[in-house]
Structure formats: C-alpha cells, structure tokens
Visitor: 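If you scroll down you'll find the structure; I have some questions about it.
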Amino acid sequence: MLPPRCDCTQTPPLPTQRTDRFPFPLLPLPYAYDALCPALSGETLCFHHDKHLKTYVDNLNDALRPWPRYHNWPLERLLRSARALPPELRAKIINNGGGVYNHNLYFAGMKSPAEEPLGPVGALKAAIEQAFGGYEGFQSAFTESASEVFGSGWTWLVCGGEASGGGLRILNTSNQDTPLAAGACPILLLDLWEHAYYLDYQNRRKDYVKNWFSLISWERANNRYLLCCSQC
C-alpha cells in the first residue's frame, strides 16, 4: 500500500519571534520541497519536515511549558546542560530537543545538487585535508562510520570535544543524542533514521548515504566551521 500523500502546498511562515527560545517554532525549509531531487524527493522532505520535525517541535514546547525557569534558555544550552536538568524533564529535552536541533541542522546543511561546489571550500577544506588526507578520505571515513549505525541515529562531522586534540573528527550518535554534551561543535550531520530516506531508497541505505554527499552545502558547512573553530 502506498503511503498517504503529503500536502506540500503549504510551508510554515517565517518566524516573527526569536527562534532559539521557548516557544520554539517550526523553521521553514531553506529551499523548495523538490530542490533536492533526485537525491531526495519532495514527498520525503514534506513528510520528514512537516510531520516528523513538527512532532519534535510540539513535544519540546509541551515539555518546557510547565518550566518557566528554562523558557529563556537557548536550545543548545538546554542540550549541553541536559544532565543537570530535573529528572522529569531531562529525557524529554534529550529526545525532543535533540530531535529539533538535529533536524534543523540537517535540513540547513543541504542544498540543491545543482548549486555550489561538490566538495569542501575555504578553511574547512584545509582542515579536512589535514584530518583525512583530502575529500576522498573524508568521504570514505564518513561512509564507513555511517554504515556502523545500527537502527536509528546520526553520523556527524564535528570540531573539538573530548579526545579530539582540537581538530575534526567523525562520530555517531543514537536516537536523538547530540555531541553537544561532550563539548563538540557540529559542522554537518547525516540523518540515518529510516524516515529520512525510506520512501526513496527503501532498504538501500548505502545509496542514500552516497547521494547525500551531492547535497552538502559546503559554503554553510565552512561558515559553521569558522564559527566553531575558535572554540576547538
């Protein structure tokens, strides 16, 4: 049976309030639903963004609503400090706050395959060459790491954090965990939950990973690296 059609005719309005505090908005995609074709279909993006991400946003706001002391905390602060939150709030922030943070970064890190260079640029290019011996070495290491994710999770390129020596490294997280609590600064990430690719690839996760490299916005990744590298 085919999945129900997703209504892709409406997009969330641009937020008029701050987007990094409660209540958190559903940020609109930075491109059209069909902009990532043929690597990812418009229907996949519609379900992924309008259904899955929206659920995380709604659940995060519901969890925080009874806790006004945290309403002015940015999402990154909540996730970095999750272990110190009240026990009855902690898991909800890790799961739903992580879901919002991870998905926002994932969507923001992609662009049309026809746009921008298909490889690293700027300072990030030099850092990748130093850490992985070049772009092909990075692709190989990232693909191998992504293949090791069992079930639902994410593969990340990060700067800094525990045992990093201050440079770039690739790591995996499960469910909606982030590297933030370990002090790492995310540069880019790949969503390996089945809902991110199943309508297009079914069980062919390797093909999804391979095609995702054509979607990376290296300009945005380089900008994130420049913001993060002073902390690494």
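Predicted, not measured: the structure shown is a model, and the values here were computed from it.
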Visitor: So does D191 get a backbone contact from the side chain of H103, meaning a donor-acceptor N/O pair under 3.5 Å?
Guide: no

Visitor: Can you see which heavy atom on A184 is nearest to which on R169, and at what distance?
Guide: CB-NH2, 4.2 Å

Visitor: Main chain of K125, side chain of N222: is a donor-acceptor contact present, judged purely on distance under 3.5 Å?
Guide: no

Visitor: Do you reckon I94 sits in the same ILVMFWY cluster as V158, going by side-chain contacts under 4.5 Å, direct or chained?
Guide: no

Visitor: Run the side chain to side chain contact (heavy atoms under 4.5 Å, CB included) test on Y225 and L157 for me, step by step, so that the C-alpha distance in whole Å, both residues' side-chain angles and the decisive distance to 0.1 Å come before the verdict.
Guide: CA-CA 10 Å; Y225 176 70; L157 176 67; over 6 Å; no

Visitor: State the CG-CZ distance between L124 and R224, to the nearest 0.5 angstrom.
Guide: 11.5 Å

Visitor: Regarding D207 and K210, does a basic nitrogen lie under 4.0 Å from an acidic carboxylate oxygen?
Guide: no

Visitor: Would you say the rings of Y106 and W193 are close, in the sense that their centroids are separated by under 6.0 Å?
Guide: no

Visitor: Does E88, at its CD atom, have more than 12 non-hydrogen atoms belonging to other residues, nucleotides or ligands within less than 6.0 Å?
Guide: yes

Visitor: What distance do L36 atom CG and F107 atom CZ have between them, rounded to the nearest 0.5 Å?
Guide: 9.0 Å

Visitor: Search all heavy atoms of S81 against all heavy atoms of W73 and return the closest pair with its distance.
Guide: CB-CZ3, 4.0 Å

Visitor: Can you check side chain to side chain contact (heavy atoms under 4.5 Å, CB included) on H49 and L26, steps first, answer last?
Guide: CA-CA 9 Å; H49 176 271; L26 175 63; 3.9 Å; yes

Visitor: For the residue pair Y33 and D50, confirm or rule out a side-chain donor-acceptor distance under 3.5 Å.
Guide: yes

Visitor: Work out which heavy atom in V121 is nearest to a heavy atom in W218; give both atom names and the distance.
Guide: CG2-O, 3.6 Å

Visitor: Just checking E144: does its CD atom have more than 12 heavy atoms from other residues, nucleotides or ligands closer to it than 6.0 angstrom?
Guide: no

Visitor: Using 0.5 Å steps for rounding, measure from the CZ atom of R80 to the CG atom of L75.
Guide: 10.5 Å

Visitor: Just by modelled atom types, is the H195 backbone N or O under 3.5 Å from a matching donor or acceptor in the H48 side chain?
Guide: no

Visitor: Please evaluate residues Y201 and V209 with respect to the criterion side chain to side chain contact (heavy atoms under 4.5 Å, CB included), reporting the C-alpha separation (whole Å), side-chain torsions for both, the decisive distance (0.1 Å), and the verdict.
Guide: CA-CA 10 Å; Y201 295 92; V209 174; over 6 Å; no

Visitor: Under 2.5 Å between the SG atoms of C185 and C228?
Guide: yes

Visitor: Between R220 and G109, is there a donor-acceptor pair closer than 3.5 Å when you use the side chain of the first and the backbone of the second?
Guide: no

Visitor: Considering only heavy atoms from C-beta outward, does the side chain of W67 approach that of L85 to under 4.5 Å?
Guide: no

Visitor: Got more than 12 heavy atoms from elsewhere within 6.0 Å of CD, E129?
Guide: yes

Visitor: Please round to the nearest 0.5 Å and tell me the distance separating atom CZ of F132 and atom CZ of F142.
Guide: 9.0 Å

Visitor: Enter the distance from T55:OG1 to L60:CG here, rounded to the nearest 0.5 Å.
Guide: 12.5 Å

Visitor: For Y208 and Y198, what are the C-alpha separation, side-chain angles and deciding distance, and is it a side chain to side chain contact (heavy atoms under 4.5 Å, CB included)?
Guide: CA-CA 9 Å; Y208 162 64; Y198 203 81; over 6 Å; no

Visitor: With no hydrogens and no angle check, is any side-chain donor or acceptor of S140 less than 3.5 Å from a backbone partner on G137?
Guide: no

Visitor: Does S41 reach the main-chain N or O of T44 with its side chain, forming a donor-acceptor pair under 3.5 Å?
Guide: yes

Visitor: List the atom of R90, the atom of A82, and the distance in Å for their closest heavy-atom pair.
Guide: CG-O, 3.1 Å

Visitor: So, does W154 use its side chain to make a donor-acceptor pair with the main chain of S174 at under 3.5 Å?
Guide: no

Visitor: Under 3.5 Å, is there a donor on one side chain and an acceptor on the other for Y56 and N102?
Guide: no

Visitor: May I ask you to test the I93-Y70 pair for a side-chain heavy-atom distance under 4.5 Å?
Guide: no

Visitor: Using side-chain heavy atoms (C-beta onward) and a distance below 4.5 Å, is W212 in contact with L188?
Guide: yes

Visitor: Tell me the closest heavy-atom pair linking F24 and V57, and the distance in Å.
Guide: O-CG1, 3.2 Å

Visitor: Working to the nearest 0.5 angstrom, can you tell me the gap between F138 CZ and T143 OG1?
Guide: 8.5 Å

Visitor: What are the two closest heavy atoms between T178 and G98, and how far apart are they?
Guide: CG2-CA, 4.1 Å

